[in-house]
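Notes follow once the structure below has been shown.
Quick caveat: nothing in here was measured; it's all calculated off a predicted structure.
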Amino acid sequence: MRLFLFAVLIFSVSFVQAGDWPQWKGSARDNRSTETGLNTDWNRNPPPLIQSISGLGIGFSNLCFSGDRIFTMGDFDGRTCLIALDRKSCRMIWKKDIGEGGKVNGYVGPKATPAAGNQRVFGLNQKGILFCCDSESGKILWEKNLYEDFDGYLMKRGPKRDDDWGYAESPLLDGNRVVCCPGGEKGAVIALNAENGDLVWRARELKNRACYDSIVPMQSSLGRWYLTITEGDFAGIDPKSGKILWKVPFTGSPSLCCDAVCDGDYTCFSFAVKKGFFGYKIEKKEGQLVPRALYTLNETGNKHHGMIQDRGYVYAATDRGEFLCFDLKSGKLAWKNRRLRGSCVQTFFEGHLILRQERTGDLLLVEANPEKYVEKGKIRQPDRSDKNAWVYPVIADGRLFVRDQDRLFLYDLKIPAENKQEHGI
């Protein structure tokens, strides 16, 4: 019994499970894993590939973790399916057809990530099908179509109404509400009752086309609101009523799909233009919330590769394939690295960033260090598809999950037993 208790104590110190990753970019949608006791020296100890599976279908949907299951989506013969995997073994438990999928302007498969909680899973596919399934059985509990039920309207790539890339936003599960952005003249953002899909509110003051970003909750000293980017406005929305609390007009871009980041009263959004990073502080004047412009960073913006905020600094890839770090409050550039040879998506854990390069799929471990760029190892992904690596790496249960279309690769991120002593474990 003493040996057993000692082993349990050692395990709990060396690796702390931080809980679920229930939706796109985690619970707070900041893409920051809180797991500890993980390997942060890949030069010396490259994380070993411990498992790879296939059968996820075609698409760019990421993973979400809830209870003993993992959920994702993929296309099979032109139909989008929601997939449930066993969290430990990654064995497929069930696969549910949720409706028409297929190609939208050159890209096949869903781009959104499911959200899971309270025995339910929610998702959105490229054709605008928003659905809720029972997490145990996969049974469809309710379903909406953003085009048909809400007159949804996406940003155009060209002159035709349907000349877009299809819906790519990952719906936000916030308590008993599912929030997403169909776009359109009747109100760009909606909140639905998670139990039955009934409309709770619609942000009718925001009459723009939808972009491809996902909504981010922002907790400020002045309150809580949803950050959303539509074609023409960067806005803060009251979660209770759908009222627009503040907004910033701008000239949009058809590839605008990078989520905003925030820290306290400060926020930044970006899109792929020559001067593409924009910083604001949210203030209160005469009882109204007002966004005060702080800077426009003279760097090519971030198209779809994501930004991460850590200790007041923003880490982001540019559309030109550079990786940079700048101060969120001032916009002052801390450093810029031009050696990555292509843009990348990224994930944060234990003071480090995992960068996944979109062309090669290679994984780089980089310090979240505002002083300088420090690279600490690399993993070359096997069996690469011919599609861009746009699916973010996800950390759960001490493992690194990397999806590439139909394939899923799992790496062991726990510190090797022979190296625990030098880590004080």
Side-chain angles (χ1 to χ4, degrees), residues 21 23-25 47-66 69-116 121-127 129 131 133 135 138 165-170 212 257 304-305 342 344-345 347 354 356-363 379-397 399-412:
W21 188 267
Q23 56 187 319
W24 169 245
K25 294 186 177 180
L49 178 66
I50 54 177
Q51 189 178 1
S52 66
I53 66 171
S54 59
L56 302 186
I58 304 303
F60 300 92
S61 179
N62 213 324
L63 314 175
C64 76
F65 296 71
S66 181
R69 300 202 171 168
I70 304 170
F71 300 97
T72 190
M73 298 189 296
D75 265 19
F76 299 81
D77 298 322
R79 306 288 295 181
T80 300
C81 292
L82 175 67
I83 298 167
L85 305 174
D86 178 79
R87 185 161 175 166
K88 291 183 179 179
S89 67
C90 289
R91 175 183 56 84
M92 185 180 293
I93 300 174
W94 50 255
K95 181 172 70 174
K96 180 66 177 179
D97 185 330
I98 60 96
E100 180 187 0
K103 182 183 290 188
V104 182
N105 275 313
Y107 295 97
V108 178
K111 307 171 185 70
T113 299
V121 189
F122 307 85
L124 174 66
N125 86 337
Q126 64 271 34
K127 294 295 182 71
I129 300 173
F131 62 89
C133 289
S135 61
W165 284 293
Y167 281 99
E169 174 192 15
S170 297
Y212 303 96
C257 49
H304 46 59
H305 306 101
C344 57
V345 293
T347 297
I354 300 176
R356 187 183 187 197
Q357 297 185 274
E358 69 173 349
R359 296 176 186 172
T360 65
D362 291 345
L363 302 165
I379 301 174
R380 293 191 180 278
Q381 184 205 310
D383 301 322
R384 269 286 289 143
S385 73
D386 59 354
K387 302 295 189 297
N388 285 331
W390 286 337
V391 182
Y392 289 50
V394 176
I395 296 170
D397 308 331
R399 296 175 292 177
L400 176 64
F401 293 77
V402 180
R403 180 178 177 179
D404 185 1
Q405 298 295 312
D406 187 63
R407 301 291 301 277
L408 179 64
F409 302 90
L410 283 71
Y411 297 86
D412 188 356

Return a table of donor-acceptor pairs under 3.5 angstrom between the side chains of residues 387-395 and protein atoms on other chains or two or more places apart.
from: Trp390; atom 1: NE1; to: Glu358; atom 2: OE1; distance (Å): 2.7
from: Tyr392; atom 1: OH; to: His305; atom 2: O; distance (Å): 3.4
from: Tyr392; atom 1: OH; to: Gly306; atom 2: N; distance (Å): 3.2

Treating [X] as the side-chain partner and [Y] as the backbone partner, does any N or O pair qualify as donor plus acceptor under 3.5 Å?
X: Gln126; Y: Gly102; answer: yes
X: Lys127; Y: Glu100; answer: no
X: Asp406; Y: Gly55; answer: yes
X: Ser170; Y: Thr113; answer: yes
X: Thr80; Y: Asp75; answer: no
X: Asp86; Y: Ser89; answer: yes

If you look at every heavy atom in [X] and [Y], which pair is closest and at what distance?
X: Arg356; Y: Arg403; answer: NH1-O, 2.8 Å
X: Ala112; Y: Leu124; answer: CB-O, 3.2 Å
X: Asn62; Y: Thr72; answer: O-OG1, 2.9 Å
X: Asp404; Y: Arg384; answer: OD2-NH1, 2.9 Å
X: Tyr411; Y: Gln381; answer: OH-CA, 4.0 Å
X: Ser385; Y: Gln405; answer: OG-CG, 3.7 Å

Residue list, side chain to side chain contact (heavy atoms under 4.5 Å, CB included) with [X], at least two apart or on another chain:
X: Ser135; value: Phe71, Gln119, Val121
X: Lys95; value: Phe76, Cys81, Ile83, Met92
X: Asp412; value: Pro48, Ile50, Lys414

Taking the side chain as C-beta and beyond, is there a heavy-atom pair between [X] and [Y] under 4.5 Å?
X: Pro114; Y: Gln23; value: no
X: Asn125; Y: Ile98; value: yes
X: Ile53; Y: Gln51; value: yes
X: Ser52; Y: Asp383; value: no
X: Leu408; Y: Leu63; value: yes
X: Phe60; Y: His304; value: no

Is there a side-chain contact (heavy atoms from CB on, under 4.5 Å) between Leu363 and Leu400? Walk through the geometry before answering. CA-CA 11 Å; Leu363 302 165; Leu400 176 64; 3.9 Å; yes

Could you pull out all residues at least two apart from Tyr212 that satisfy ring-ring contact (aromatic ring centres under 6.0 Å, His included)? Trp165

Taking salt bridge (charged side-chain N to carboxylate O under 4.0 Å, His left out) as the test, write out the residues that go with Lys111, two or more places apart. none

Quick one: do Ile93 and Arg69 satisfy side-chain contact (heavy atoms from CB on, under 4.5 Å)? Show the steps, please. CA-CA 9 Å; Ile93 300 174; Arg69 300 202 171 168; 3.3 Å; yes

SG on Cys64 to CZ on Phe122, rounded to 0.5 Å: 10.5 Å

Could you tell me the separation between the CZ atom of Arg79 and the CG atom of Asp97, rounded to the nearest 0.5 Å? 4.5 Å

Aromatic ring proximity Phe401/Phe65, centre distance under 6.0 Å: yes

I would like to know whether Arg91 and Leu85 meet side-chain contact (heavy atoms from CB on, under 4.5 Å); could you show each step before the answer? CA-CA 5 Å; Arg91 175 183 56 84; Leu85 305 174; over 6 Å; no

